[in-house]
Amino acid sequence: MNHISPSWIELNISALQRNFHFFRNRIRRETAIYPVIKANAYGHGMAEIARAVAPLADGFCVHSAEEAAKVPGTKPVLILGHFPEDMGFLARLILDKNPVFTITQFEQAEILARAAKAAGKPASVHIKVETGTHRLGISPDESLKLISELKTFQTIRVKGFSTHFANIEDTTNHQFAMEQLSRFNAFRTSLPDPENYRFHTACSAAALLFPETHMDIVRLGISLYGYYSSGETRLSAMQQGLQPEDRLRPVLSWKTRPIQIKPVASGDFIGYGLTFRAHRPMTIAILPVGYSDGYDRRLSNSGYVLIRGQRAPICGRICMNMMMVDVSHIDGINRDDTVILIGRDGNEEISAETLAAISGTIQYEILARINPSIPRISMD
Ligand SMILES: *Cc1c(COP(=O)(O)O)cnc(C)c1O
């Protein structure tokens, strides 16, 4: 497929569309679905994912203004996090993309008001309301105060309010999330004119499990890419009647080829630190992928790859740009074989969840850290 780069990413676009429709069919039509394409679309490739899902999506969420500037096309863009105090940049962004900025402070509105004036076009903002996560957000009282302060700005339009759940994917007990939801609903009711605003709370887990969180916009991240937010989320969905045939399909596969295949004698060591020692004659393959590519070094001596439908365990430490795997049991292996780092091969599958479980993290981190310079190839 790709003989130039050491490794490459294949994107299953029909899986992406299928995952989107899975949610579209479960969310009422009046609710907009905004795919979350921050962090290079969770490592999948922002340009490729945005282009592929744009015909289906109502808009996009990104983390930063810098990311917003890179979203292709003309769909609405919602910035969930950071924007800089760079007037020239902000004015251009307001002119080109007219994104919605998330704000939590009067000073941020002042900056946007100045940029909007320079652009000759008002800036749209959503206020993030603190309901218990204690990440970004201001209390309901401070939010009310901020709205009234912003009335003095001709160039700022408050268009909506959002909040984010702290404990909706890490548990099957959703009491804390429901308390946050009721705080957010109480805030909404306290507004004199709620019909003038859009409200949003739902990430993937909320979108899957709690229709009452959908409101005006669903911010669909990890599940668009074919993963449940967690095992607990999957379990809760199954308890609600999710069927096996409904399952989400992983969009991303990561592949490479061996650059050398060679024997190792019994008693020889493999890799830095001599952490692996052969206690039988072995054949190993050297793969041109390492931790600088985003392949987690914590998978040293514990992860595996797939070759010819079989597992090939990692021997020794993951290096910066290479790793070694045991292929002693794989008949006929050669340098033209495709090696699966993430993906399916015959009856075997390595998902980002598999690697997350082995390396003690979450699938979000496994995906988001895949180096953006690795080529992304869209497959039908
Ligand atoms: C990243 C993010 C999401 C998406 O969460 P998923 O669990 O990936 O669906 C939604 N809302 C906010 C505020 C986020 O930062």
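Any value given below was found using the heavy atoms of this structure, including those in side chains, with hydrogens, waters and symmetry copies removed. Counting starts at 1 for both ligands and their atoms, following the listed order.
Aromatic ring centroids of Phe199 and Phe161 lie under 6.0 Å apart.
Side-chain polar atoms of Asn19 and Ser223 form no donor-acceptor pair below 3.5 angstrom.
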Extract all donor-acceptor atom pairs below 3.5 Å that involve side chains of residues 125-132 and protein atoms in other chains or at least two apart in sequence.
residue : atom : partner : partner atom : Å
His126  : ND1  : His200  : NE2          : 2.9
Glu130  : OE1  : His134  : N            : 3.3
Glu130  : OE2  : Gly132  : N            : 2.8
Glu130  : OE2  : Thr133  : N            : 3.1
Glu130  : OE2  : His134  : N            : 2.8
Thr131  : OG1  : Thr163  : OG1          : 2.8
Thr131  : OG1  : Gln180  : NE2          : 3.0

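Nearest heavy-atom pair, Gln363 versus Ile222, reported as atom, atom and distance to 0.1 Å: CG-CD1, 4.2 Å.
Residues with a heavy atom under 4.0 Å from ligand 1: Val36, Lys38, Tyr42, Leu80, Lys128, Arg135, His164, Glu169, Cys203, Ser204, Arg219, Gly221, Ile222, Tyr364.
With respect to the salt-bridge test (charged N to carboxylate O, under 4.0 angstrom), the residues Arg29 and Asp58 qualify. The residues Arg234 and Glu353 are annotated as salt-bridged, a charged nitrogen and a carboxylate oxygen being separated by less than 4.0 angstrom.
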